[in-house]
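These notes concern the structure reproduced below.
Both ligands and their constituent atoms are indexed starting at 1 by order of listing.
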Amino acid sequence: MRVFVTGGAGFIGSHTLVQLLRDNAQVTVFDNYTNSSPEALKRVRRLGQSDLTAVEGDICDTGALKTALEEARPDAVIHFAGLKAVGESAEKPLAYYQNNITGSLALLEAMDSVGCRRIVFSSSATVYDPHEQPPFTEEHRLGAINPYGRTKQFVEDIIRDWAAANTETSAAILRYFNPVGAHASGDIGEDPVGIPNNLVPYISRVAGGSLAQLQVFGGDYDTRDGTGERDYIHVEDLASAHLAALKHAMKTTGSETFNIGTGQGTTVLEMLKAFEKAAGRSIPYRITDRRPGDVAKSVADVSKATRVLGWQAQYTVDDMCSSAWNWQSRNPNGYDNAE
Ligand code: NAD
Ligand code: UFG
């Protein structure tokens with residue numbers, strides 16, 4: 001199968017690429033490296049024991065995108081490319097709408113022009129209305145509360161409309177919960193630019209000594225220990241969900257939306273303890289004010305993915321922490337200074 005992967009050099013994309021290559025897919029990656037490094041693709045080729053075609057380009061550049069798709073002639077597209085920082089999206093909403101929405105429109109148009117009608121799209125749990133009660137099923141009310149989340153909600157709708165307009169089209173929309181962890185080799189992982197916003201990359205840096213202390217955002221939520229509870233999913237499980245979704249999309253038409261998580265919640269303090277165990281060291285922290293926009297609890301109902309895709313997460317929170325720590329300790333500067 002020929003697969004065209006936008007944003008393939010990023011965190012989730014790189015892990016998915018390894019599994020695609022191992023599954024004998026012919027892969028073209030289209031990425032502008034705005035939040036990633038070509039070094040990740042070098043390592044993906046090694047781990048996947050196969051080559052791939054890498055095209056440097058922006059999904060908003062319709063000409064470059066069409067040319068790349070014409071050359072690749074893919075059976076399907078996995079669309080990871082996007083900007084993803086919630087805080088930044090509130091500061092630069094137009095950049096987010098431009099990149100994530102205009103870029104997705106350009107991609108669908110370019111797919112139409114080469115007759116490619118199958119897509120797997122990276123959506124997010126952030127589309128759910130935070131006032132709804134978890135666990136979230138795919139039927140729960142949507143209501144993103146920041147520009148980033150709204151770009152995901154809009155693109156979901158655009159893809160559903162695109163799929164509805166042509167009977168040969170198939171779209172799998174995956175709503176990821178909280179992806180963490182790294183490949184077991186420690187060769188690829190999450191490499192955020194600057195100070196991480198997300199919990200596990202932040203804890204990793206504290207454990208590695210480049211940041212002094214974790215700030216736990218809020219200790220008075222209505223959860224087991226008062227700290228925020230999330231459904232963390234190992235990036236390797238998330239990668240295998242893409243392969244399952246791709247196979248499903250190849251044999252069906254229409255659009256389907258799937259929650260991709262474990263169905264289990266872990267609090268900030270539970271994650272901290274699991275990471276301390278994985279790293280074999282204590283991690284300093286202090287409880288501070290709540291972070292604006294955070295919810296107490298976000299956990300998936302994953303029964304649809306299990307029932308329809310035959311997919312289920314395999315890895316535990318301990319696996320997530322030990323693989324994240326393995327990546328961090330082998331690559332303290334991420335992909336920078338790689339030989
Ligand atoms: P990432 O930033 O590591 O990867 C995104 C990739 O897209 C990067 O390689 C980046 O360079 C590329 N990219 C961005 N804009 C582009 C453009 N205009 N043209 C070409 N390439 C472009 O992020 P990730 O964590 O791997 O996330 C992948 C997708 O999953 C994103 O769409 C993100 O919004 C979504 N998602 C991520 C999370 C998460 O917590 N990591 C949760 C839910 C959804
Ligand atoms: N947290 C801290 N300290 C930190 C960072 C986070 O206490 O330094 C807490 C948060 O308050 C929250 C939990 O850790 O309770 C998880 O926070 P993250 O920032 O790691 O993840 P979020 O659930 O806020 O959001 C993430 C992505 C979103 C995505 C969402 C669902 O950032 O883009 O998961 O997929 F939409």
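- Nearest approach of Lys304 to Glu256, heavy atoms of both residues: NZ-OE1, 2.7 Å.
- Between Asp31 and ligand 1 there is a heavy-atom distance shorter than 4.0 Å.
- When only interatomic distances are considered, the shortest N/O to N/O separation between Tyr176 and ligand 1 does not fall below 3.5 Å.
- Of the protein's non-hydrogen atoms, Asn35 ND2, 3.8 Å is the one closest to atom 1 (P) of ligand 1.
- In this structure, of Pro179, Ser124, Ser89, the residue bringing a heavy atom nearest to atom 30 (C) of ligand 2 is Ser124.
- Taking distance alone, with nitrogen or oxygen atoms compared against 3.5 Å, Glu190 stays at or beyond that limit from ligand 1.
- Not a single N or O atom of Leu83, backbone or side chain, sits closer than 3.5 Å to an N or O atom of ligand 1.
- Ligand 2 has at least one atom lying under 4.0 Å from a heavy atom of Tyr148.
- The closest approach between any non-hydrogen atom of Tyr232 and ligand 2 is below 4.0 Å.
- In this structure, Leu17 and Leu41 have side chains that are in contact, with non-hydrogen atoms separated by less than 4.5 Å.
- Residue, atom and distance of the protein heavy atom nearest to atom 25 (O) of ligand 1 are Lys84 NZ, 2.7 Å.
- Aromatic pair Phe4/His79: centroids not less than 6.0 angstrom apart.
- No side-chain heavy atom of Leu199 sits under 4.5 Å from any side-chain heavy atom of Val180.
- Phe275 and Cys321 make their closest contact through N-SG, 3.7 Å (heavy atoms, listed as atom of the first residue, atom of the second, distance).
- In terms of protein heavy-atom proximity, atom 4 (O) of ligand 1 is closest to Gly10 CA, 3.4 Å.
- You'll find the side chain of Asn100 reaches within 4.5 Å of the side chain of Leu83, heavy atoms only.
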